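This one's a predicted model, so the numbers in the text were calculated from it and none came from an experiment.
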Amino acid sequence: MPANSDLAVVLASLRPAPGSATLLGADPRLCAQVLGVDGVAVSVATGSGMSELVWCSGEVSARLEDLQFTLGQGPGPEVTVSCAPVFEPYVARVPDDRWPALLPEMTALGVGAVFGFPLHVGSACLGSLTLQCSVPGPLADAAVTDAWLVAGALTAALLGGGRTQDAFAEADEGSDFYRAAVHQATGMISVQADVSLAQALLLLRAHAFRHERSVVEVADDVVARRLRFREDEAGPGTVAGEGTDGP
């Protein structure tokens, strides 16, 4: 099947089927193939100001999204804040002080190039489409054009409405979204350590990075009460969970 036919298939199937529990349809692996990259991922901002991984083609892209969320660094966060594309065709040439914690992790993952596209309506950024390649080098002009088409179609699909989108926007504790536990854990840490929600998320991220774990894994421990944050004279810290029913 010609590449342009494959792109048409991706664009036509991005909107999920009626009654689907997912935010997006289509096959992200086919999308990566069409764009000539090794992986694609879409993360979308929630109503609480955090982000949710909603579409991903493979393990490397999923891990890259987790690292960006944990560290608050990378093309995805930059795209979401600036609502502008971020292209780094040579990751090895990115200055160390730009993404100091992320760059070594990207090298370990074998990511040689990253390209971030905003999902936006006017100046409002809904999230980001991130493409990654193991081999450094710029995207072909045709691939950039196709990626913008995909980003526009993703934005339209996400704005399609429905109960799944409503639940996502609320980031309900009981939802099945990838980072639902992070939202719940942030609220619990806020109460436990007597800090704001923003500070609670920073504590969660810092603990995950310090222990070389993903934010989702640490959040699961907080929600299951295997890990508890507390406030004392030395500042917020952690203690082993006690299995209590409180936050």
Side-chain angles (χ1 to χ4, degrees), residues 23 41-56 59-81 97-106 108-109 111 116 125-128 130 167-247:
L23 278 170
V42 171
S43 287
V44 182
T46 69
S48 60
M50 288 191 274
S51 67
E52 178 71 29
L53 175 62
V54 298
W55 203 60
C56 187
E59 183 177 344
V60 173
S61 286
R63 179 60 179 155
L64 179 59
E65 291 300 297
D66 269 347
L67 285 167
Q68 292 185 88
F69 180 76
T70 299
L71 302 172
Q73 299 175 4
E78 286 191 5
V79 165
T80 303
V81 170
D97 60 355
R98 183 175 180 186
W99 303 328
L102 180 66
L103 286 173
E105 301 288 348
M106 293 178 72
L109 278 176
V111 175
C125 193
L126 306 179
S128 62
T130 301
F168 170 76
E170 295 296 330
D172 293 333
E173 291 180 3
S175 75
D176 294 326
F177 292 114
Y178 182 62
R179 295 190 179 121
V182 176
H183 299 275
Q184 185 175 0
T186 300
M188 294 173 67
I189 294 169
S190 176
V191 174
Q192 293 168 1
D194 191 25
V195 295
S196 68
L197 288 173
Q199 290 173 304
L201 179 58
L202 288 175
L203 289 174
L204 185 62
R205 284 172 161 165
H207 184 90
F209 181 65
R210 186 165 59 248
H211 294 276
E212 298 183 343
R213 303 178 67 199
S214 75
V215 171
V216 174
E217 291 173 336
V218 176
D220 284 339
D221 281 349
V222 173
V223 173
R225 295 181 172 82
R226 294 186 292 268
L227 179 67
R228 181 181 177 87
F229 287 68
R230 49 96 175 106
E231 172 71 40
D232 60 22
E233 293 180 356
T238 60
V239 294
E242 301 175 355
T244 60
D245 293 330

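Closest of all the heavy-atom pairs between L204 and A219 is CD1-N, 4.1 Å. Minimum heavy-atom separation, A41 to L53: CB-CD1, 4.1 Å. The two residues G74 and P77 have their closest heavy-atom pair at O-CD, 3.3 Å. Minimum heavy-atom separation, V54 to V44: CG2-CG2, 3.7 Å. Of all the heavy atoms in F229 and V222, the pair that sits closest is CE1-CG2, 3.9 Å. Between A200 and I189 the shortest heavy-atom distance is CB-CG2, 3.8 Å.
Here D221 pairs with R213, R226 under the side chain to side chain donor-acceptor pair (under 3.5 Å) rule; sequence neighbours left out. Partners of E105 by salt bridge (charged side-chain N to carboxylate O under 4.0 Å, His left out), not counting sequence neighbours: none found. Taking W55 as the reference, nothing meets the side chain to side chain donor-acceptor pair (under 3.5 Å) condition, with sequence neighbours excluded.
L67 contributes atom CG, which lies 11.5 Å from atom CG of L103 (distance to the nearest 0.5 angstrom). Taken from CE in M188 to CG in L227, the straight-line distance is 9.5 Å, to the nearest 0.5 Å.
In this structure a side-chain-to-backbone donor-acceptor pair under 3.5 Å is present from Q73 to A101. With hydrogens and angles ignored, the 3.5 Å screen pairs no side-chain donor or acceptor of S190 with any backbone N or O of T186.
Side-chain contact check for Q68 versus P75: some heavy-atom pair is nearer than 4.5 Å. The shortest side-chain heavy-atom distance between L109 and R63 falls under the 4.5 Å cut-off.
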